[in-house]
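Some notes on the structure that comes next.
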Amino acid sequence: MNQKNEDVVTESSSVRDRVRIFDTTLRDGEQAPGFSMSLPQKLRMAHALKELGVDVIEAGFPRASEGDFASVQAIAKEVRGPTICGLARAQTGDIDACARALSGAGAWRIHVLLATSPLHREHKLNMNCSQVIDTGIKAIRYARSLCDDVEFSAEDAIRTEPEFLIEVLSAVIEAGATTVNVPDTVGYTTPAEIHRLFSRLIHEVRGIGKAILSSHCHNDLGLAVANSLAAVAAGARQVEGTISGIGERAGNAALEEIVMALRTRADHFGVYTDIRTPLLLPTARLLANVTGATIPRNKAIVGDNAFAHESGIHQHGILKHRETYEIMRPEDVGVERSQLVLGKHSGRHALRDRMKGLGYEVDETQLDDLFVRFKALADKKKEVFDTDLDALVLGQDPATLGPWRLVHMHATSHLGGGASASVRLRHDDGRMVGETEATLGDGPVHALVRAIARSTAVDFDIVDFQIRSLSYGADAQGRASLTINYAGRKLVGRGVSTDIVEAAGLAALEVVNLIERMKHGQALPVAAHQVG
């Protein structure tokens, strides 16, 4: 099988020049601990990914849960432009679930996953090589009977014998796969190694000219982006990754880094993407606000320090000529050189203009609501920064606002004497509850959380509590994130306020509301099964 493949596409063809961007933020990214999203949040992200210009949005794993099915179905019906994709194991039930969830999409793809490495064949699938190939062929043929666009992923492809991988990919292409994906599922490979493998696949997989060759790299050794770029250099024309590199364990390849590397070093790679790069930062910030995650300051492309210069030597060079220390223009990724800081005297036009600059399109009704909340915030703060506006727009997820709502809270702490708190809550059914006497705790946050738990008759264990400033100054808004254990599950609540104790209380209340919905059998924004 060493002969030169006659199906290899030429360097000059348009397929060779364009790299398709496959975003799996809502599937592989969302299934990582701490990044779960509700249906409204997923829809918000899907619309942002559409505006960003990604070619394929992997919306979820429909067979994993009712919630995942509903999310994929909603995105398929509402988001037009990109191909909407669903993941399926090489099983008829999974493929049927994908087809049902995706049927309302303008363009859709079924993504079939089947492990191929010796470890997975023996310990996970209990199959021999022939059975794996037969299973893959049958799954692809069945998926093609339902959908014209079918992707096949050889899970743990990097640790699969190259000869067997070539045989599998050849077979599934013949069965009808239109994209074949070669995942580095455990982040094991190196750039030189993956370049050799993809070069070999390009020349030895039968019928490769009929399919797009795709790369999907994980970041366990910190090489996901480098490996993805090496795969592109060797001939991959689809790259799979996530915004900010979120995902299993150490994460996936960060799409913003891949896109800007291909753009900045077009002289080396000779390819392009259709990504609207000025939306990279707004999209990353949207994800951070939706999930409550923090973008590290030194994160490439979208971190606060990515275009900041403090060193005197660097500052002098930048003032003389930008390219002395910057290889990209900040505005090309959505970073504005001058930031318009709003305050209590700012009007509707200034607010609308700033929202547009941040990538938000708001209608008159939304602007009316936003302006009222902006003025209330501006009365508390001297300056309202972009991150404050992000928090205002995204706010608290409407799906988690009820049934319990905070009416009143009071918390005090004393040096060496602990803390106390009391709350008054209203339920959507009309009930009003509250502490008749103060609840004690080690600090005001602890006391307030205990008061909320006692008032709602909910008992839970706090696993993690974090709070961070969203902007600058002593009057900055703080975002609280509270992780708790309840009934064998981890739930995360988030709250934002200029008062960090109130932010913690809102986070605790969101957790209580999640628990309330659990008790009534309602779907929660819980991560999908860990696959791929």
Side-chain angles (χ1 to χ4, degrees), residues 5-24 27-28 49 53-59 81-88 98 102 105 107-114 116 136-137 139-141 143-144 147-155 157-158 165-166 168-184 194-195 197-217 227-242 252-253 255 258-259 262 269-275 532:
N5 196 319
E6 295 299 324
D7 293 311
V8 176
V9 288
T10 62
E11 286 286 341
S12 60
S13 73
S14 61
V15 174
R16 294 289 291 179
D17 296 331
R18 175 170 168 261
V19 173
R20 290 158 177 80
I21 299 299
F22 178 112
D23 182 275
T24 185
R27 200 278 299 172
D28 204 342
L49 293 171
V54 304
D55 297 283
V56 183
I57 297 175
E58 188 167 46
T83 296
I84 308 302
C85 176
L87 182 71
C98 267
L102 294 167
W108 51 290
R109 173 184 297 182
I110 295 176
H111 183 186
V112 177
L113 178 78
L114 180 63
T116 56
I137 290 172
I140 294 299
R141 283 178 177 168
R144 274 304 301 265
C147 178
D148 291 333
D149 189 352
V150 175
E151 177 170 339
F152 175 83
S153 277
E155 186 182 10
I158 294 300
L165 181 61
I166 290 167
V168 172
L169 298 184
S170 298
V172 296
I173 289 174
E174 185 177 355
T178 52
T179 300
V180 286
N181 183 40
V182 181
D184 183 14
I194 200 171
H195 187 281
L197 176 62
F198 272 71
S199 297
R200 185 173 177 183
L201 296 177
I202 283 285
H203 288 89
E204 296 186 27
V205 172
R206 297 186 305 277
I208 192 64
K210 302 174 185 176
I212 299 295
L213 184 59
S214 178
S215 167
H216 178 119
C217 295
N227 288 333
S228 299
L229 294 172
V232 169
R237 288 301 174 261
Q238 176 177 282
V239 176
E240 305 188 4
T242 60
N252 289 298
L255 287 183
I258 294 170
V259 167
L262 294 178
F269 292 102
V271 298
Y272 70 94
T273 73
D274 285 337
I275 295 297

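The analysis underlying the following values was restricted to heavy atoms, covering all of them including side chains, and did not include hydrogens, waters or symmetry mates. Here, residue 1 is the first one in the sequence, and each next residue gets the next number.
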Residues forming a salt bridge (charged side-chain N to carboxylate O under 4.0 Å, His left out) with E151, sequence neighbours excluded: R109

For the student: nearest non-hydrogen atoms of [X] and [Y], plus distance:
X	Y	result
A175	R144	O-CG, 4.3 Å
A234	I202	O-CG1, 3.7 Å
C98	L87	SG-O, 3.2 Å
I84	A59	CG2-CB, 4.0 Å
A177	I140	N-CG2, 3.4 Å
C85	H111	SG-CB, 3.4 Å

Evaluation steps, side-chain contact (heavy atoms from CB on, under 4.5 Å), between V205 and V180: CA-CA 10 Å; V205 172; V180 286; 5.8 Å; no

Could you check whether any side-chain heavy atom of [X] comes within less than 4.5 Å of a side-chain heavy atom of [Y], counting everything from C-beta outward?
X	Y	result
N252	E240	no
D55	F22	no
V271	D17	no
L102	C147	no
L197	L165	yes
I21	D274	no
L169	F152	yes

To the nearest 0.5 Å, how far apart are [atom1] in [X] and [atom2] in [Y]?
X	Y	atom1	atom2	answer
L113	N181	CG	CG	9.0 Å
T273	Q238	OG1	CD	12.5 Å
L201	H203	CG	NE2	11.0 Å
H216	T242	NE2	OG1	8.5 Å

Does [X] use its side chain to pair, donor to acceptor, with the backbone of [Y] at less than 3.5 Å?
X	Y	value
R27	E58	no
T178	V150	yes
D23	I57	no
R237	V232	yes

Derivation of the side-chain contact (heavy atoms from CB on, under 4.5 Å) call for V54 and I275: CA-CA 6 Å; V54 304; I275 295 297; 3.9 Å; yes

side-chain contact (heavy atoms from CB on, under 4.5 Å) between I194 and I158, intermediate numbers included: CA-CA 8 Å; I194 200 171; I158 294 300; 4.2 Å; yes

